[in-house]
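One structure is given here, and the rest of the page talks about it.
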Amino acid sequence: MSTPADSARIAVVLPTGPVEVPAEFEVPANPWAFAAVAHGAGAGYRHPFLLGFAGALTRQGVATVRFNFPYVEQGRRMPGPAAHAIATWAAVDAVVRERAAGLPVFAAGKSYGGRMASMAAAEGVIEPAGLVYLGYPLHPPGRPDKPRVEHLPDVPQPQLFVEGTNDPFIDPHAQLEAAVASCRTADVAWIDGGGHSFEVKGLKRPAPDVAADLAPAVVAWMRAVAA
């Protein structure tokens, strides 16, 4: 049984000055881990996909926090500088660790949010128990010549790539497999037929349900890492 969502404002120090971003915490009774969950580039912290995924984690004993990146609060549709997202991850991580009381803390994110977590970890700005990428954006669709992988070998923590087999951001698959092989410790959980948001062609399902179905595999991996 979880408590109602606890709304908060998290202070973030950006190169351009201090800002605040909204966040929502959900904490079950007797949590065994904590996960910060970041949104994708075209969404916010209350996107149905994020709500479905975080809610499913909470039902399996993982406390969660969802939060916005500053560009969303500024009313912009396109992400700001990576340094701003990395600073946000640092601020969120600091607040989570105060609340986690020694529990293992994981960093997770949909697409862009996960990639920004990986960059923060590669720079040593955050030191989570592990990182979970829900649809890692390996490259822009149709542009495998523009990979976003150079920092992944610098991430010291275990990494889980949750990927749809029909995701244009990871086509060809061999490129993702090479990126994963370059990591220090990494696993891939394939979602058969899934697109970038894990939608399956011909199946109309609500985004929260699609996201919730990802949670069991993620939780099993988290438990193994935390053991």
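Under the 30°/60° scheme for interplanar angles, the aromatic rings of Phe67 and Phe69 are found to stand perpendicular.
For residues 39-60, the salt bridge (charged side-chain N to carboxylate O under 4.0 Å, His left out) pairs, not counting sequence neighbours, are Glu24-Arg46. The side-chain hydrogen bond (donor to acceptor under 3.5 Å, both in side chains) contacts involving residues 191-203 comprise Ser111-His196, Asp167-His196, where partners must be two or more places apart or lie in separate chains.
The side-chain heavy atoms of Asp213 and Arg205, taken from C-beta on, include a pair separated by under 4.5 Å. Using a 4.5 Å heavy-atom threshold, the side chains of Pro79 and Met116 count as separate. Side-chain contact check for Arg184 versus Pro156: some heavy-atom pair is nearer than 4.5 Å. Annotation: side chain of Val21 is in contact with side chain of Pro70 (closest heavy-atom distance under 4.5 Å). Leu131 has its side chain out of reach of Leu160: every pair of non-hydrogen atoms, C-beta onward, lies at least 4.5 Å apart. In this structure the side chain of Glu26 never reaches within 4.5 angstrom of the side chain of Asp6, judged on heavy atoms. Side-chain contact between Leu152 and Tyr136 is present, with at least one heavy-atom pair separated by less than 4.5 Å. Counting heavy atoms from C-beta on, the side chains of Leu51 and Tyr45 never come closer than 4.5 Å.
The shortest non-hydrogen separation linking Phe49 to Ala211 is O-CB, 3.1 Å. In this structure, Trp190 and Gly164 approach most closely via the heavy-atom pair CZ3-O, 4.2 Å. In plain terms, the two heavy atoms of Tyr112 and Ala41 that are nearest each other are CB-N, 3.6 Å. Between Gly44 and His39, the shortest heavy-atom distance links the atoms O-CB, 3.5 Å. Annotation for Phe198 and Val162: closest pair CZ-O, 3.3 Å, computed over non-hydrogen atoms. The minimum heavy-atom distance linking Gln157 with Ile126 is given by the pair NE2-O, 4.2 Å.
With sequence neighbours left out, the side chain to side chain contact (heavy atoms under 4.5 Å, CB included) criterion links Pro206 to Pro208, Asp209. Evaluation of the side chain to side chain contact (heavy atoms under 4.5 Å, CB included) rule for Pro140 yields Arg143, Lys146, Arg148 as partners, not counting sequence neighbours. For Arg115, the salt bridge (charged side-chain N to carboxylate O under 4.0 Å, His left out) criterion is met by no residue, not counting sequence neighbours.
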Next on the checklist: With side chain to side chain contact (heavy atoms under 4.5 Å, CB included) as the criterion, how do Ile86 and Thr88 come out once you've worked through the C-alpha distance, each side chain's angles and the decisive distance to 0.1 Å?
Outcome noted: CA-CA 5 Å; Ile86 292 171; Thr88 304; over 6 Å; no

Next on the checklist: Between Lys110 and Val37, is the side chain to side chain contact (heavy atoms under 4.5 Å, CB included) condition met? List the steps.
Outcome noted: CA-CA 8 Å; Lys110 175 72 178 75; Val37 186; over 6 Å; no

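Hydrophobic cluster membership is shared by Val62 and Phe53, with clusters built from Ile, Leu, Val, Met, Phe, Trp and Tyr side chains linked at under 4.5 angstrom. Val149 is not connected to Phe169 by any chain of hydrophobic side-chain contacts under 4.5 Å among Ile, Leu, Val, Met, Phe, Trp and Tyr, and they are in different clusters. Val210 is connected to Val132 through a chain of hydrophobic side-chain contacts under 4.5 Å among Ile, Leu, Val, Met, Phe, Trp and Tyr, so both are in one cluster. At a threshold of 4.5 Å between side-chain heavy atoms, the hydrophobic network of Ile, Leu, Val, Met, Phe, Trp and Tyr places Trp221 and Val155 in two separate groups. No path of Ile, Leu, Val, Met, Phe, Trp and Tyr side chains, each step under 4.5 Å between heavy atoms, connects Leu103 with Val27, placing them in separate hydrophobic clusters.
Atom CG of Asn68 sits about 9.5 Å away from atom CG of Leu50, to the nearest 0.5 Å. To the nearest 0.5 Å, atom NE2 of residue His139 and atom CG of residue Asp145 are 9.0 Å apart. Asp93 contributes atom CG, which lies 10.0 Å from atom CD1 of Ile10 (distance to the nearest 0.5 angstrom). How far CD of Glu163 is from CG of Leu134: 9.0 Å, rounded to the nearest 0.5 Å. Atom CZ of Phe34 is separated from atom OG1 of Thr64 by 7.0 Å, given to the nearest 0.5 angstrom.
Salt bridge absent: Glu127 and Arg97 never bring a charged side-chain N and a carboxylate O closer than 4.0 Å.
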Please table the atom pairs, donor to acceptor, closer than 3.5 Å between any side-chain atom in residues 172-183 and protein atoms at least two apart or in another chain.
residue, atom, partner, partner atom, Å
His173, NE2, Thr165, O, 3.0
Gln175, NE2, Pro144, O, 2.9
Ser182, OG, Ala179, O, 2.6

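With hydrogens and angles disregarded, no donor-acceptor distance shorter than 3.5 Å links the side chain of Trp89 to the backbone of Ser118.
In summary, the side chains of Tyr133 and Gln159 do present a donor paired with an acceptor at a separation below 3.5 Å, with no hydrogens or angles considered.
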